[in-house]
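Structure first, then comments.
Keep in mind the model is a prediction, meaning the values are calculated, not measured. Just so we're on the same page: letters track the sequence lines, and every chain starts at 1.
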Amino acid sequence: MIDLKALRDDPDTARASQVARGADPALVDELLAADERRRALLSSFEQQRAEQKELSRSIGKAAPEERQAVLGRARALAEQVKDAEAQADEAARELDTLLWQMANVVADGVPPGGEDDFVVLREVGAPRDFEAEGVAVRDHLELGEGLRAIDTERGAKVSGSRFFFLTGVGAQLELALLNMAMDKATAAGFSPMITPTLVRPAIMAGTGFLGAHADEIYHLETDDLYLVGTSEVALAGYHSDEILDLSDGPRRYAGWSACYRREAGSHGKDVRGIIRVHQFHKVEMFTYVSEADAAAEHERLLALEEEMLAAVELPYRVIDTAAGDLGSSAARKFDCEAWLPSQQRFLELTSTSNCTTFQARRLGVRERTAEGETRPVATLNGTLATTRWIVAILENHQQADGSVRVPQALQPYLGGRTVLEVQA
RNA sequence: GGAGACGUCGCAUAGUCAGGUCUAGUGCGCAUCCCUGCUAAGGAUGUGAGGGUGUAAGCCCUCCGUGGGUUCAAAUCCCACCGUCUCCGCCA
């Protein structure tokens, strides 16, 4: 959630942020009004409560003859206090409801607008000229089937649409990718983590995923648990309600987990193959860092993502996501999109968000300052590899006969294999 | 699934049966200072979180796993829930 004090001091920035996101700036003024109301009612309650406590204490030592009179007054006061408390509570609830509706304030420099208003920061690597090479481009599913690596038909039979099996070399390829990502993260100082994929409502809400896109999330009614769409959720919850010591630097984690997405709003989109699926695997970087160092950490996560993309030799571009396409928790987001030869377009492979103190406030993650005070930390996350990367790797490294070249950096993770051969 | 024990301000604990200076005590740890001096010890003071108010010093409120309830008054009594541990059963 946003910082109420900052909102009070500088409502214009918050209003501008709402406008950039395409959200309603009036929410800011509703918040200010609700905050003022809450503080007034709280002060009133606290004053009456102090009075009541004092009177109540005097009963124990009151002389027997005046006891009844004091008791009578105390009873009346108790009624009054109960009423004042109810009013203060109600005002606090109203404020809270508004507070949880408000998305993070976007960072300076984020392009305003919606999904299509991103800014391309750079393009790296050139797409192959398949025509010149004499290669008739196959899409990832055709390639995957030829390699006996992907089986979507049986995925549908067993689990429904948007499910699949990775078979044989396909399974090995995913493990290779994810292991390489874990190694890379570990080398960069991230602690490897294998996280729960079912989380409590408070954790899911704290990360900001239960807002506008709540229908994207699987919910297990019987147990009131949510299936995570990314290990970010579990990693953000990991230090919830804790006060961290970040004086030795940020806490960095690399989460390995299955991820689940309902894809409720994407009927008919990316229905072929494994581009958009209900379940996949991902290695996710997650950092807890002092707010002042958050922007630098964001660059660091982005750099690691680009290193991974370079390691698997994919042409890609980096985009600065527009305000309206940011998640509610993010103040800024960079996506890396790989070139997809079969569709002649870019496909998102990584996404790194700076959530500033937004998630930390909701989840109660703070740090101890040098002065001994507490303050909310900043949280950031970024993708290091996912099942979807297989799509881009197969397509970009395909050869004329339907076999696929293995990028050099990946070869050690595939037993030294240099080519994935077509299977009979 | 059954039976039981437990959940207190970093850690360890007192307090709960008998509701009222508990305005949560003590030890350890930690911080500052003092004394002294030689691989250290002793003493003093301070030391949870969140919030309201105030220029400030300060004053005040909330929190004893969570949420309700009883009462003038709840760490303490009642109810529900959550979590941890032990034993039994069942399943992998």
Side-chain angles (χ1 to χ4, degrees), chain A residues 1-9 31-100 102 194-206 219-226 234 237-248 251 258 288 290-291 357-377:
Chain A
M1 72 185 74
I2 53 153
D3 181 356
L4 247 190
K5 285 202 177 98
L7 186 84
R8 233 182 277 155
D9 293 343
L31 269 167
L32 289 171
D35 176 45
E36 201 172 320
R37 187 175 144 75
R38 169 188 145 266
R39 280 184 295 145
L41 288 169
L42 182 62
S43 282
S44 163
F45 156 67
E46 287 185 348
Q47 196 190 325
Q48 292 180 57
R49 177 81 171 137
E51 214 178 304
Q52 185 204 13
K53 282 175 73 172
E54 201 185 331
L55 184 62
S56 198
R57 268 195 295 273
S58 76
I59 289 175
K61 6 176 190 175
E65 57 271 21
E66 52 189 53
R67 207 186 174 85
Q68 278 313 311
V70 180
L71 257 174
R73 261 191 295 145
R75 260 191 280 266
L77 192 54
E79 269 313 298
Q80 222 180 312
V81 169
K82 208 171 176 177
D83 201 54
E85 183 173 24
Q87 283 187 48
D89 282 353
E90 179 58 25
R93 261 196 302 277
E94 280 166 16
L95 174 65
D96 215 44
T97 303
L98 291 171
L99 208 48
W100 278 72
M102 173 99 187
I194 295 176
T195 64
T197 54
L198 287 168
V199 300
R200 301 166 168 285
I203 299 297
M204 187 56 87
H219 180 228
L220 302 191
E221 201 79 45
T222 315
D223 302 285
D224 197 16
L225 289 169
Y226 290 92
Y238 188 68
H239 285 302
S240 58
D241 294 318
E242 293 183 23
I243 299 171
L244 302 176
D245 179 3
L246 297 181
S247 57
D248 294 333
R251 302 281 187 107
Y288 295 89
S290 295
E291 188 177 14
T357 60
F358 187 86
Q359 285 181 334
R361 282 177 198 281
R362 291 178 165 215
L363 290 166
V365 188
R366 291 160 294 167
E367 67 169 318
R368 182 81 58 190
T369 67
E371 294 75 40
E373 307 283 290
T374 63
R375 72 176 168 217
V377 304

Please report the distance separating the [atom1] of [N] from the corresponding atom of [M], rounded so that it comes out in whole Å.
N	M	atom1	result
B/A3	B/C77	C1'	25 Å
B/C64	B/A24	P	12 Å
B/C9	B/G50	C1'	13 Å
B/G2	B/G89	P	16 Å
B/G46	B/C59	P	14 Å
B/C60	B/U47	P	15 Å
B/G42	B/U36	C1'	9 Å
B/A5	B/U23	C1'	32 Å

Whole Å only: how far is the [atom1] atom of [X] from the [atom2] atom of [N]?
X	N	atom1	atom2	answer
A/E373	B/U47	CD	C1'	14 Å
A/R38	B/U62	CZ	C1'	12 Å
A/R200	B/U66	CZ	P	14 Å
A/R361	B/A49	CZ	P	17 Å
A/K53	B/U21	NZ	P	11 Å
A/L42	B/U62	CG	P	10 Å
A/K5	B/G51	NZ	C1'	8 Å
A/D241	B/G83	CG	P	16 Å

Let's test this: given Watson-Crick or G-U wobble pairing with both distances under 3.5 Å, identify the partner of [N].
N	value
B/G7	B/C82
B/G89	none
B/U53	B/G58
B/A14	none
B/U39	none
B/U47	B/G29
B/C77	B/G69

Please confirm whether the shortest side-chain N or O distance from [X] to OP1 or OP2 of [N] is below 4.0 Å.
X	N	result
A/R368	B/A49	yes
A/S43	B/C60	no
A/R39	B/U53	yes

- Check whether the side chain of A/E46 and the base of B/G51 form a donor-acceptor pair under 3.5 Å. yes
Practice problem: Assign A/R73 to base, sugar-phosphate, or nothing according to its heavy-atom contacts below 4.0 angstrom with the strands shown. | Solution: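 The answer is nothing, as A/R73 stays clear of every strand by at least 4.0 Å.
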| query | Between A/D3 and A/T357, does a side chain to side chain contact (heavy atoms under 4.5 Å, CB included) hold up when you go through it step by step? | reply | CA-CA 8 Å; A/D3 181 356; A/T357 60; 5.5 Å; no
Over 12 foreign heavy atoms within 6.0 Å of [atom1], [X]:
X	atom1	answer
A/Y238	OH	no
A/E94	CD	yes
A/E36	CD	no

Practice problem: Could you pull out the closest heavy-atom pair between A/R368 and A/T374, with the gap in Å? | Solution: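 Heavy atoms only, the tightest pair is NH1-CG2, 3.6 Å.
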| field | Minimum-distance pair of heavy atoms, taken over all atoms of A/V365 and A/H239 | value |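 Heavy atoms only, the tightest pair is CG2-O, 3.4 Å.
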Heavy-atom contacts, protein to nucleotides 67-75 of chain B, under 4.0 Å, summarised as B (base), S (sugar-phosphate only) or - (none) per nt, yield ---S-BS--
Quiz item: Among the nucleotides B/C82, B/U62, B/G50, which one has an atom lying closest to any side-chain atom of A/R366?
Solution: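 Output: B/G50.
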inquiry  = Quick check on RNA chain B: between A/E85 and A/R375, whose nearest nucleotide comes earlier from the 5' end?
reply    =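 Its nucleotide being nearer the 5' end, the pick is A/R375.
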Ranking A/I243 and A/A50 by the position along RNA chain B of their nearest nucleotide, the one closer to 5' is A/I243
Note to self: Please determine whether salt bridge (Lys or Arg N to Asp or Glu O under 4.0 Å) holds for the pair A/D96 and A/R93, giving the CA-CA distance in whole Å, both sets of side-chain angles, and the decisive distance to 0.1 Å.
What the structure shows: CA-CA 5 Å; A/D96 215 44; A/R93 261 196 302 277; over 6 Å; no
- Item | NZ/NE/NH1/NH2 to OD/OE distance under 4.0 Å, A/D9 and A/K5 | no
*asked:* Side chains of A/Q48 and A/S44 only: does a donor on one sit below 3.5 Å from an acceptor on the other?
replied: yes
### Task
For A/Q52 and A/R49, test the side chains for any donor-to-acceptor distance below 3.5 angstrom and give the result as yes or no.
yes
